[in-house]
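Here is the naming used below: chain letters follow the sequence lines, and residue numbers restart at 1 for every chain. Just so it is clear, the values below take in all heavy atoms, side chains as well, and ignore hydrogens, waters and symmetry mates.
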Protein chains: 2
Amino acid sequence: MGMVYMANTRDEVFRTLADPTRRAIFERLCREGERTVGVLTAGAGVSQPVVSKHLASLKRAGLVRGRHEGRQTHYSAEYAALAPLVDWAHEMTGFWEKKFDALEDLLNRMDQ
Amino acid sequence: MGMVYMANTRDEVFRTLADPTRRAIFERLCREGERTVGVLTAGAGVSQPVVSKHLASLKRAGLVRGRHEGRQTHYSAEYAALAPLVDWAHEMTGFWEKKFDALEDLLNRMDQ
DNA sequence: CACATCCATAGCCATATAGCTATATGTGGA
DNA sequence: TCCACATATAGCTATATGGCTATGGATGTG
C-alpha cells in the first residue's frame with residue numbers, strides 16, 4: 001500500500017527536473033515526441049555535449065529512454081516517471097484536506 | 001487562458017523543492033501544521049541557522065508563510081504554491097494523452 | 001580504405017549553494 | 001537594567017554541478 005516509489009526515486013526526479021535547461025529538454029520531448037540529440041541540441045541554447053549530459057541525467061532518473069538507430073540516438077519522454085512527483089504533491093495537499101475534515105468534524109461536534 | 005503562473009515561479013518552486021532537507025521541512029509543515037523554528041530544528045538533522053535559511057528559501061518560493069509571536073516565528077505550509085508543479089506535470093502527461101487520441105483517430109480513419 | 005557525421009565521454013573551470021560557527025537582533029522575564 | 005531565549009544574518013568553506021572544448025567510438029558514405 002502506497003510507497004510504490006522509493007524516496008530515492010522521488011529525490012532524483014525532483015533534483016533532475018530542478019534544472020531549467022534539463023526540464024526544457026524533457027518538456028520538448030513531451031510536446032514533440034521522439035527526437036534525436038542533434039535536433040534537441042538545435043534550440044537548446046547549449047552545446048551538444050551538454051545536451052547529451054542532461055539526457056543521461058534524465059535517463060538515470062527514468063524520465064526518458066533512448067533508442068539507437070545507426071549513428072543517431074532517438075530519445076523520448078517517459079511520462080510515467082512523473083508519477084512520484086504528482087503523488088507527492090497530492091499527498092501534501094491531502095494533509096491540507098484532512099485538516100479541513102478535522103475542522104469540520106470539530107465544528108460538527110461543537111454544534112451538538 | 002492558462003499560464004496563470006509565471007515560468008519564473010515554476011522555476012523557483014522546482015529549484016526550492018529539489019533539496020531533500022528543504023523538502024523534508026516543507027513536508028513536516030504539511031503533515032503537522034504550523035510549527036516554530038525551534039521545533040523544526042529538532043529532528044531536521046541540521047543546525048538552526050540552516051533551518052532558518054531553508055525557511056527563507058521556502059518563503060521566497062511562496063511555499064510557506066511565517067507568523068511572528070513574541071520571540072518565536074510560526075511557519076506553516078502554503079499548499080496552493082504546489083499548483084505550478086502539479087499543473088506542469090499534468091500538462092506534460094496531457095501531451096501524452098493527445099498523442100494517444102491522435103493514434104486512435106488515425107486507427108479510426110484506417111478502419112474506414 | 002579514407003573521411004564525414006552523430007553522439008558520448010573526459011577533463012577542465014566557474015559558480016552556486018548547503019552546511020558550519022559566530023554574532024546580531026529582538027523579545028520576555030527577573 | 002541585565003540576562004536568557006528564539007530567530008535571523010554574516011561570513012566562511014567544501015562540494016556539486018552546469019557550462020565549455022577536445023576527443024573518442026561508432027556508423028554511414030564515396
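Nucleic acid contact for B/Val50: base, since at least one base atom lies under 4.0 Å from a heavy atom of the residue. Heavy atoms of A/Ser52 sit under 4.0 angstrom from at least one base atom.
What separates CZ of B/Arg67 from C1' of D/dA6 is a distance of 15 Å, to the nearest Å. With rounding to whole Å, B/Lys53 atom NZ is found 7 Å from C/dG19 atom C1'. Atom CZ of B/Arg35 is separated from atom P of D/dA6 by 16 Å (rounded to the nearest Å). One can place CZ of A/Arg22 at 12 Å from C1' of D/dA16, the figure rounded to the nearest angstrom. The CD-C1' distance, from B/Glu12 to C/dA16, rounds to 15 Å in whole Å. When rounded to the nearest whole Å, the span between CG of A/Leu58 and P of D/dT17 equals 14 Å. A/Arg60 places its CZ atom 13 Å from the C1' atom of D/dA16, with the value rounded to the nearest Å. For the pair B/His68 NE2 and C/dG26 C1', the computed distance is 10 Å after rounding to whole Å.
Contact annotation: A/Ser47 reaches the phosphate of D/dC20 (side-chain N/O to OP1 or OP2, under 4.0 Å). Phosphate proximity of C/dC6 to A/Tyr75: absent, as no side-chain N or O sits under 4.0 Å from OP1 or OP2. Using a 4.0 Å cut-off, no side-chain N or O of B/Thr73 falls inside it from OP1 or OP2 of D/dA6. Residue A/His54 places at least one side-chain N or O closer than 4.0 Å to OP1 or OP2 of D/dG19.
Listed candidates were D/dT9, C/dT17, C/dA8. Nearest to the side chain of B/Arg15 is C/dT17. Residue B/Asp19 has its side chain nearest to C/dG19 when only C/dT9, C/dG19, D/dG19 are considered.
With hydrogens and angles ignored, no donor-acceptor pair closer than 3.5 Å exists between the side chain of B/Gln48 and the base of D/dA6. Below the 3.5 angstrom threshold, one finds a donor paired with an acceptor across the side chain of A/Arg71 and the base of C/dT5.
Using a distance-only test at 3.5 Å, with no hydrogens or angles considered, a donor-acceptor pair links the side chain of A/Tyr79 to the main chain of A/Cys30. Side-chain atoms of A/Arg22 come within 3.5 Å of backbone N or O of A/Thr16 as a donor-acceptor pair.
The closest side-chain donor-acceptor pair between B/Thr93 and B/Glu97, if any, does not fall under 3.5 angstrom.
No more than 12 heavy atoms of other residues, nucleotides or ligands lie within 6.0 Å of CZ in B/Arg65, so this atom counts as exposed by the packing criterion.
When each of B/Leu55 and A/Val46 is assigned the nucleotide of DNA chain D with its nearest heavy atom, B/Leu55 is the one assigned upstream, toward the 5' end.
For B/Arg35 and B/Tyr75, the positive end is not near the middle of the six-membered ring at less than 6.0 Å and at most 45° from its axis.
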